[in-house]
Each structure stands twice: as structure tokens, then as C-alpha cells.
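This report refers to the structure that appears directly beneath it.
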Amino acid sequence: MRIVIAGAGIGGLAAALSLHAAGFAHVTVHEAAREIRPLGVGINLLPHAVRELTELGLADRLAEIGVATAELAYFNRHGTLIWSEPRGVAAGYSWPQYSVHRGRLQRLLLEAVTERLGPDAVRLGSRITGPGEEDLLVGADGINSAVRAHLYPDEGPPPWNGLVLWRGVTYGEPFRTGRSMIMAGDGTAKFVAYPIENGGRTLINWIAERPLDGEPPERGNWNRPADLAEIGRHFADWRFDWLDVPGIVAGAEAAYEYPMVDRDPLPRWTSGRVTLLGDAAHAMYPIGSNGASQAIIDARVLAYCLARGDLAGYEAERRPATTALQLSNRRMGPEIVMKLAHERAPGGFDDVERVIPHAELAEIAASYKRTAGFDPRALDERPSWSVTR
């Protein structure tokens with residue numbers, strides 16, 4: 001079976017590795033860019049995605065490039081704690097959660113593909129816009145997918161929700177556990193920070209978010225340079241006892257602007273010899289740290305189903321799950337706690353229990369884990385998607 005994958009991002013490369021592991025010998029990845037550079041900033045890999053990379057034999061390499069996240073914590077606009085929970089192994093998972101530079105992860109996957117499938121498995125400067133002579137075309141070419149446009153030519157650009165994200169990295173002092181992912185905000189403006197390198201002074205990945213006046217430029221382009229001074233003005237008074245937000249912004253060498261866009265859920269991903277994967281299938285708001293993780297899971301399920309001769313099973317397994325997640329992220333997912341805290345106590349609070357009871361906070365967190373597929377017990381009990389040969 002000849003399989004062509006459009007796109008050498010995280011989803012496309014994970015698909016190549018998964019298909020090879022499942023016994024498919026004729027797999028090529030076509031990437032429109034003429035070179036793969038370590039672009040982007042930090043992302044998170046949740047335990048359900050780390051399980052899949054572990055079963056592909058990449059656990060040791062992943063541990064070398066990632067920070068094992070120990071805590072996720074939400075704060076209000078004033079830096080007061082709303083909710084915190086352990087993450088990864090500390091939360092009872094059998095697999096860690098990692099914060100990692102996206103470019104380093106992509107490079108890791110690219111190296112593994114080259115080692116296992118051969119030096120000609122990834123073809124750069126090769127743009128795929130629709131099916132050719134292959135037996136299956138997998139569109140893993142991102143939010144502005146040409147393969148998706150072949151299936152849905154009238155769809156148009158991704159819808160925008162009026163918010164802009166600014167992303168950057170800054171060397172700074174560790175905060176909280178030293179391996180914490182924090183989010184502070186009021187449901188409109190938000191600041192996220194987490195380390196993506198281990199060590200004394202650590203490389204902190206950060207995201208600043210707020211409404212943007214006017215129309216956004218270049219929807220779907222993660223690499224548009226942003227003005228650090230402008231970002232700093234919007235967050236000038238976000239100084240907490242444990243984190244200096246304007247200082248982190250000012251310490252970056254560069255930042256990148258990205259309008260908050262996603263894609264509407266599709267009625268189907270597969271048509272004949274073509275199917276979709278990752279952002280091409282279900283681009284979602286970057287809420288809950290799920291974009292890359294869901295693409296990796298897509299890749300594993302696709303390979304598992306194809307090995308059983310059941311391409312339809314791939315979509316049946318993944319499309320309803322990712323549709324539910326897309327819609328949950330449009331409702332702010334677990335980050336809704338910051339909006340609730342602001343609505344109920346806009347001036348701040350001393351006792352969060354009087355604002356949002358612990359039981360309500362716990363159920364918000366647990367519900368999102370169930371929707372996204374990383375409830376600890378369910379993940380442990382789920383059978384492997386590895387193919388026995």
C-alpha cells in the first residue's frame with residue numbers, strides 16, 4: 001500500500017512513524033517548505049500523547065528535550081491562586097507530561113523518520129494539493145491545509161474569535177515548583193508561562209492574550225513578528241509576588257503574533273483515498289494543551305485502523321472525540337475558571353472557596369480530562385494502539 005502524507009509537522013511525522021511501526025513499507029512525507037527549521041515556541045505533550053510516543057520507542061529522546069511538567073495552576077488577574085493540580089507522574093499517570101520546544105520535537109520526529117524509513121522518506125519542497133497515484137493520501141498540512149481545501153473548496157479562511165496571542169521565550173528564574181505551568185487572567189486577557197528547559201535560569205515559554213482591534217493579519221501564520229513594547233504596555237501592571245509578567249515580556253529577544261483561530265468541525269474527514277489528520281482535520285483553539293497531542297493520537301489510531309483494513313474506523317474513533325474537544329475549547333475548556341473567578345469576584349478574593357467551591361473546580365478539571373481523553377484511569381485501562389506483527 002502506497003501512502004503519501006502531506007505535511008512534515010508533528011502530526012505528519014508521527015503518522016509516518018506510526019504507519020511504519022504498523023508494517024506499512026511504502027510511506028513518504030511531502031513538505032512544502034524547502035527546509036525544516038526549528039520554528040515556533042513551546043508546546044505541551046499530555047500523558048496520552050506521551051504514551052503513544054513511548055510505544056513508538058521515543059521515551060528516552062523525549063525526556064532529553066522536554067521538561068516533565070509537575071503542576072498546572074490557574075490564577076486571577078491579580079495573581080491569586082484559583083486552582084492547582086499535579087500533572088504527569090505526580091498526578092498518578094503512568095506517563096509524564098512534557099513541556100517542550102515545538103521545533104525540537106519536530107526535529108526529534110524527523111530524525112526518527114529518517115532513521116527508520118530511510119533518507120528519502122521526507123521530501124522537502126514538495127507541495128501536495130490533492131490525490132495522485134498513491135493508495136492513500138493523508139492531509140496533515142495544518143490549519144490552512146491544501147488537502148482539506150481539495151475536499152472542501154468553499155470553506156474559506158479559519159474563523160477568528162477576536163483575540164490575539166503573542167508568544168515568546170525568555171530566560172528567567174524558575175517559579176513555583178520550577179516545573180509549573182501557570183495561567184493568570186480574567187477570561188479576556190491572559191498570561192501563560194512554563195519552562196521548556198531544565199537548569200538554573202530556565203527558558204520560559206510565555207503566551208500573552210487579549211482582544212485585538214480590527215481585522216487580524218495572516219490567519220494561521222504562527223511566525224509573524226510582534227512588537228514587544230506593545231505587548232508590555234498591555235500587561236504593564238501584571239506584577240505578582242511570584243512572577244514579573246512585564247519583565248518576562250521585556251526579556252524576550254522576539255515575540256510572534258497569532259490571531260486566535262480554529263476550524264469548524266467537519267461532517268467527514270475521509271473521501272475515497274483521502275483522509276485528514278491533526279490541524280487539517282480539527283484545528284482548535286490552543287486551550288488545554290491539546291493540539292499536538294491530538295495529532296499524535298490521530299496518527300496512532302490511523303495506523304492501527306489501516307493495519308486492520310478499517311480506514312472508516314479511524315474517523316469513527318477520532319472525529320467525534322476531536323469535535324467535542326473543539327467545541328469545549330471554544331467554551332474556554334478548563335480555563336473557564338479564570339473567567340468565573342473574575343465574574344464572581346472582579347476585585348479579587350481572599351478565599352477562593354467562597355468564589356468557586358472546590359467541588360466545582362475539581363469537576364471542571366475532571367470533565368475536560370474526560371473530553372480530551374486523558375482521564376488517568378481510562379488512559380491506563382485503554383488497550384494499546386500498537387500493531388502486533
Side-chain angles (χ1 to χ4, degrees), residues 41-44 72-84 99 159-170 172 175-176 180-194 204-217 219 222 224-252 254-262 284-291 328-350 352 355-356 361 364-365 368:
V41 283
I43 60 172
N44 269 263
L72 171 64
Y74 297 98
F75 299 81
N76 70 358
R77 158 69 183 78
H78 308 287
T80 306
L81 181 65
I82 300 169
W83 167 261
S84 68
S99 299
W160 176 50
N161 73 351
L163 299 176
V164 65
L165 302 177
W166 291 300
R167 291 172 169 257
V169 291
T170 302
F175 50 88
R176 289 185 66 84
S180 295
M181 179 179 186
I182 69 92
M183 301 187 187
D186 57 15
T188 301
K190 179 178 73 177
F191 192 82
V192 180
Y194 52 86
I204 299 169
N205 182 79
W206 56 265
I207 303 127
E209 174 187 311
R210 69 177 302 277
L212 178 69
D213 296 328
E215 275 295 306
R219 300 186 192 189
W222 283 103
R224 179 182 171 83
D227 182 352
L228 286 168
E230 178 188 1
I231 302 168
R233 284 194 296 272
H234 291 298
F235 292 87
D237 61 343
W238 289 49
R239 287 186 170 89
F240 313 141
D241 292 342
W242 49 275
L243 192 72
D244 178 7
V245 171
I248 289 177
V249 172
Y256 303 94
E257 178 180 84
Y258 183 78
M260 181 83 92
V261 295
D262 66 357
M284 58 188 69
Y285 293 155
I287 288 172
S289 306
N290 259 287
S328 177
N329 281 8
R330 285 183 174 182
R331 298 189 296 269
M332 299 184 70
E335 298 177 17
I336 191 70
V337 298
M338 294 181 288
K339 182 174 186 289
L340 293 176
H342 178 72
E343 289 175 346
R344 299 177 188 179
F349 54 82
D350 295 321
V352 69
V355 179
I356 313 177
L361 290 167
I364 290 170
Y368 190 76

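Fair warning: this is a prediction, and the values are worked out from it, not measured in the lab.
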Do the side-chain N and O atoms of Tyr368 and Asn329 include a donor-acceptor pair separated by under 3.5 angstrom? yes
Out of curiosity, Arg210 CZ to Met260 CE, how far, rounded to the nearest 0.5 Å? 13.0 Å
Can you classify the ring geometry of Trp238 versus Phe235 as parallel (below 30°), tilted (30 to 60°) or perpendicular (above 60°)? perpendicular
Taking all atoms of both residues into account, what is the closest heavy-atom pair of Ala255 and Leu228, and its distance? CB-CD2, 3.6 Å
Using a 4.5 Å cut-off on heavy atoms from C-beta on, say whether the side chain of Leu212 contacts that of Pro259. no
Can you find a heavy atom in the side chain of Phe175 that is under 4.5 Å from one in the side chain of Ile204? yes
Any side-chain heavy atom of Phe75 sitting closer than 4.5 Å to one from Thr80? no
For a 4.5 angstrom cut-off between non-hydrogen side-chain atoms, does His234 reach Trp166? yes
Just so I know, are the side chains of Pro286 and Leu165 near enough to count as touching, which here means a heavy-atom distance under 4.5 Å? yes
Can you tell me how far the CD1 atom of Ile43 sits from the CG atom of Asn205, to the nearest 0.5 Å? 9.5 Å
Output the distance between atom CZ (Arg330) and atom OH (Tyr285), rounded to the nearest 0.5 Å. 5.5 Å
So do the side chains of Ile82 and Leu361 get within less than 4.5 Å of each other, counting heavy atoms only? yes
Keeping the roles fixed (side chain from Arg167, backbone from Tyr256), state whether a donor-acceptor pair exists under 3.5 Å. no
Taking NZ, NE, NH1 and NH2 as the nitrogens, is one of them in Lys339 or Asp186 under 4.0 Å from a carboxylate oxygen of the other? no
First locate atom CE of Met181, then atom CG of Leu72, and finally report the distance between them rounded to the nearest 0.5 Å. 6.5 Å
Is there a side-chain contact between Arg176 and Ser84 (heavy atoms, below 4.5 Å)? yes
Are Asp237 and Arg77 ion-paired here, with the side-chain N under 4.0 Å from a carboxylate O? yes
Would you call Asn76 and His342 a side-chain contact if the rule is heavy atoms closer than 4.5 Å? no
At what distance, to the nearest 0.5 angstrom, does CD1 of Ile364 lie from CD of Glu335? 12.0 Å
Between the main-chain N or O of Arg239 and the side-chain N or O of Asp244, is there a donor-acceptor pair closer than 3.5 Å? no
Which distance, rounded to the nearest 0.5 Å, do you find between the CD1 of Ile248 and the OG1 of Thr170? 6.5 Å
